[in-house]
Amino acid sequence: MDEDEEWTVFWNDQSVGIERCLKMKSYQRINHFPGMNEISRKDLLSRNLTRMYKQFGKDYHIFPRTWTFPADQADFITFLSGRKKEKIFICKPQRGCQGRGIFLSRKPHKDVKTSEGNVLGLLRLVTGKLLER
């Protein structure tokens, strides 16, 4: 697209540069923006929300406890040890969309392939509560 060309919506398959964003008019919209990967990928969103939770505590108690494998595997094993009651976990592939590869597990330490970079979230279905820390 030429710089002089008028447009309202710019649809792109990749993030656009900060330069384009700075030149946008107030009525123009884009579907991707710089830094978008940090919130659009499940693994990166989980990592960023966990960092915010560690820094700001209660203000970020808005999402279920989440682990990304294999990086958080040791922390997850520590979480499981000492817990007698089985919980239900939702397991999602790091990449992908539209629900592909998502499954529930009571024994994620056996069901999750840790070498594939899965995101594992704690999900309490029995009591109807989503959040637990």
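Predicted model only: the values in this text are computed from it and were never measured. Quick note: numbers below take in every heavy atom, side chains included, and nothing from hydrogens, waters or symmetry partners.
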**Report entry** By salt bridge (charged side-chain N to carboxylate O under 4.0 Å, His left out) - contacts of Lys25 (at least two apart)
**Finding:** Glu6

Query raised in the report: For the residue pair Trp7 and Ile30, what are the closest heavy atoms and their distance?
Result: CH2-CG2, 4.0 Å

Report task. For the pair Asn31 (side chain) and Asn12 (backbone), establish whether a donor and an acceptor sit closer than 3.5 Å, ignoring hydrogens and angles. Result -> yes

Report task. Return each pair, listed once, that meets salt bridge (charged side-chain N to carboxylate O under 4.0 Å, His left out) where at least one residue sits in residues 45-57; pairs must be two or more places apart or across chains. Result -> Glu38-Arg47

**Report entry** Straight-line distance of Leu45 CG to Thr66 OG1, nearest 0.5 Å
**Finding:** 8.5 Å

Report task. Go through the steps for Arg20 and Phe10 under the test side chain to side chain contact (heavy atoms under 4.5 Å, CB included), then give the verdict. Result -> CA-CA 10 Å; Arg20 179 175 293 278; Phe10 182 69; 3.9 Å; yes

**Report entry** Heavy-atom side-chain contact between Gln73 and Trp67 under 4.5 Å
**Finding:** no

Query raised in the report: With Ile18, which residues qualify under side chain to side chain contact (heavy atoms under 4.5 Å, CB included), at least two apart?
Result: Leu22, Pro34

Query raised in the report: Do Ile88 and Ile102 share a hydrophobic cluster (ILVMFWY, side-chain heavy atoms under 4.5 Å, transitive)?
Result: yes

Query raised in the report: Do the non-hydrogen side-chain atoms of Phe89 and Leu80 ever get within less than 4.5 Å of each other?
Result: yes

Query - Any side-chain heavy-atom pair of Phe76 and Arg65 under 4.5 Å - result: no

